[in-house]
Amino acid sequence: MERFSLRRQISLSSLLSTRLTHTLFIKLGIFCLLFFFFLLPIVRLIIMSFTEGHKISFLNYSSILSEAATWSMLKNTAIVVGGATIVSICVGILFAWLVAYTDIRLKKLLQLFIMLPFLIPSYIMTLAWTQFTEGNSFFISFLKSFLGVSHLNLYSYGGLIFLLGIVHYPLVYLLTLHVLRKIPRDLEWAVRASGGTRFTMCKTVTLPLALPGIISGAMLAFLTTIDNFGIPAFLGIPANIPVLSTAIYQEVIGFGEDAFARGAALSVLLGVIVCLVTFLQYILLKRFSYQETGRAENEPRIFLKKGRWAVEIVLWLFLLFISIIPLFSMIGTSFIKAYGLPFSFENMTMEHYKYILFQYEKVKIGIANSLRLAFFTTIICLFIGTAIAYIRIRFDRHETRLTEGIISLPYALPGMVLALAMILAWVQPIPGWKPGIYGTVWILLVAYVTRFLILQVRSSMTALSQVSTEMEEAAHISGARGIAKWRYIMLPLLFSGVLSGAFLVFITTLTELTVSSLLWSSGSETIGMLIFSFEQGGYTTYSTALSTLILLFLMLTSLIIYVLIKCFNKKVGKV
């Protein structure tokens, strides 16, 4: 009996040791993969920025910082990004206050129109506005007739600030709206009941409690603005107004002797700015944080009475003006025989669409590449992202939080920085091994998955956090495990949230431009690069025609996803 007991203890000890070893190897393997795909590119970028020949040196930084052009570019970046952020804050806060506090009608539809400038790719919005403000447009004719203004120059500081501001104000709007709706109205009523004016209430209660949302929105708008490549490339490069994102692009495509090293140094500078702003956001939020009520109040707090019609008319006219009408100008330009001709029936043609769809082979290749990349990126992110989200939610440990943080890094970095990091990492990831994916469509797939995986992880985490663990325990008790549990229990509950995340990954990948601008090569063109190349080459009618087709595809895809989610929710509701 003693020998049997001893053997049993040895057997259990051996089994436990084997399991611990397997677990350790699995964790080590996962960390190696995370390091290889998410951290190694950043490490290689930093090393390259300090490399001169085959030795470590600060020469790249000293050379760049000693040039007057660098300081001029940094000044441009500060002016453009700072000005655009102020525009985003002002417009975002105003819209958030109107939607959260007043009794204006059709708020759900209004929110859709508010989000449009952010949902539409920024380079398409830029094309729309350049056509809207060009010499023969209806808008300029109207201004000339009534105000004597003959033209508006978007290829300027003002144009860059305006467009970047209206593209990113929805970020400030969303975060401010969330906080405003959670401000306890009892506190505001207490100030009013004590004889305080509306201004006093705003100063002592509303504004201090809304600061966390405003700060978060402002910092996010700042970071997305400094990351934006499309608008500075379409407007800033022709106007000779370089900013950090376009400076990195122009440095790398210059193919000079030290182009990659100088580009890496500029990328590190951009990364440092992003890190400093993120740290500042953390400090400010820590200082101005407050305890939320936990429940959003959607009922209006201010009744506009007779003035409601006037506010609604101004609001809708403004939204139509910045989001919809410019798109019609872009669509109109795509039907004009030659750029610059007035829009009339005799000047209309379908030749531009015929050319890009049937005659220019690169457009077919670009559309096919973007669709394939978007599809495979979405599928990979869907499965891996949802698995990571499940582990993160159900096993909240230090290693799972670290995994989430590592996966977040490529998305937190500016796209231009990540693109250059990918080049430096995948030319020769390990000394002596050249996988040969640089210069092919495969490096785009790796870059897209690395950058956008966190979008699926966060969407799936949100969906999983709403599913109680008791549902899984009930499934286990009923005998449903593994595939059966996911098929009959988890997937029906998670479908809407997971599909929304997958759709976001698909659309973002399909229209991506920033990362693609450095990683594309002949045969691996994407939709964003084709539109950019057409516009840079002066073929505006082709760029507007392709942009119109992409816009229609985005609308159709969004409608299909919306209908799918609605139908599925109804089906689940009936069950």
Side-chain angles (χ1 to χ4, degrees), residues 31-61 63-64 227 229 244-272 365-366 369-370 372-373 376-377 380 406-407 409-453 509 512-526 528-529 532-533:
F31 178 78
C32 288
L33 287 173
L34 289 172
F35 178 81
F36 190 78
F37 284 98
F38 294 91
L39 295 179
L40 180 62
I42 300 170
V43 172
R44 293 288 293 271
L45 176 72
I46 295 171
I47 292 172
M48 174 61 77
S49 72
F50 288 101
T51 302
E52 196 260 324
H54 295 287
K55 59 183 181 180
I56 301 298
S57 171
F58 287 90
L59 184 63
N60 296 320
Y61 290 97
S63 174
I64 287 172
D227 177 39
F229 173 75
L244 263 170
S245 59
T246 55
I248 296 169
Y249 168 77
Q250 291 177 310
E251 194 71 57
V252 173
I253 66 168
F255 294 107
E257 184 180 348
D258 53 353
F260 278 5
R262 287 173 60 86
L266 287 173
S267 297
V268 171
L269 288 177
L270 181 53
V272 168
I365 295 171
N369 284 339
S370 287
R372 280 196 293 263
L373 284 166
F376 286 113
T377 301
I380 294 169
I406 292 173
I407 292 171
L409 275 177
Y411 192 74
L413 285 175
M416 198 58 64
V417 175
L418 178 68
L420 184 54
M422 284 289 163
I423 294 174
L424 299 175
W426 286 97
V427 168
Q428 189 172 298
I430 300 172
W433 178 49
K434 296 182 179 180
I437 70 169
Y438 175 60
T440 69
V441 74
W442 293 105
I443 194 170
L444 286 168
L445 179 63
V446 173
Y448 289 164
V449 171
T450 304
R451 183 162 175 78
F452 301 126
L453 178 62
T509 305
E512 205 283 329
L513 172 63
T514 308
V515 173
S516 308
S517 63
L518 286 185
L519 297 182
W520 80 282
S521 59
S522 181
S524 62
E525 294 89 352
T526 62
M529 278 311 302
F532 179 56
S533 299

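Within a 6.0 Å sphere centred on CZ of Phe58, other residues, nucleotides and ligands contribute 12 heavy atoms or fewer. Crowding of Tyr61 atom OH: a count of heavy atoms from other residues, nucleotides or ligands under 6.0 Å exceeding 12.
For the atom pair Phe50 CZ and Ile56 CD1, the distance stands at 8.5 Å (nearest 0.5 Å). Interatomic distance, OG of Ser516 versus CD1 of Ile443, reported as 11.0 Å (0.5 Å rounding). Note that CG of Leu424 and OG1 of Thr51 are 9.5 Å apart. Values are rounded to the nearest 0.5 Å. Separation of atoms CE (Met416) and CG (Leu513) is listed at 7.5 Å; rounding is to 0.5 Å. The CD1 atom of Ile423 lies 5.0 Å from the CG atom of Leu518; values are rounded to the nearest 0.5 Å. To the nearest 0.5 Å, the span separating CG on Leu45 from CG on Leu40 amounts to 11.0 Å.
The shortest side-chain heavy-atom distance between Tyr448 and Leu444 falls under the 4.5 Å cut-off. When side chains are defined from C-beta on, Leu34 counts as touching Ile407, because their heavy atoms get closer than 4.5 Å. Taking the side chain as every heavy atom from C-beta outward, Leu266 and Asn60 never approach each other to under 4.5 Å. Contact of the Thr526 side chain with the Ser370 side chain is registered, since non-hydrogen atoms from C-beta on lie closer than 4.5 Å. You'll find the side chain of Trp520 stays beyond 4.5 Å of the side chain of Asn369, heavy atoms only. Considering only heavy atoms from C-beta on, Ile437 comes within 4.5 Å of Trp426 through its side chain. Residues Met529 and Ser524 form no side-chain contact, since every pair of their non-hydrogen atoms from C-beta on lies 4.5 Å or further apart.
Heavy-atom minimum distance, Leu418 versus Ala447: CD2-O, 4.3 Å. What you find for Met422 and Phe37 is that their closest heavy atoms are CE-O, 4.2 Å. Residues Ala421 and Ile42 come closest through the heavy atom pair CB-N, 4.3 Å. Shown here for Glu525 and Ile365, the closest heavy-atom pair between the two residues is OE1-CG2, 3.9 Å. Nearest heavy-atom pair across Arg451 and Pro414 is NH1-C, 4.1 Å. Scanning both residues, Ala419 and Leu519, for their nearest heavy atoms gives O-CD2, 3.5 Å.
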Requested in this report: Show your reasoning for whether side chain to side chain contact (heavy atoms under 4.5 Å, CB included) applies to Phe38 and Leu409.
Outcome: CA-CA 7 Å; Phe38 294 91; Leu409 275 177; 6.0 Å; no
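In terms of modelled atom types and a separation under 3.5 Å, the side chain of Arg44 and the main chain of Gln428 share a donor-acceptor contact.
Ring geometry for Tyr249 against Phe532 counts as perpendicular: the plane angle is over 60°, on a 0 to 90° scale with 30° as the lower cut.
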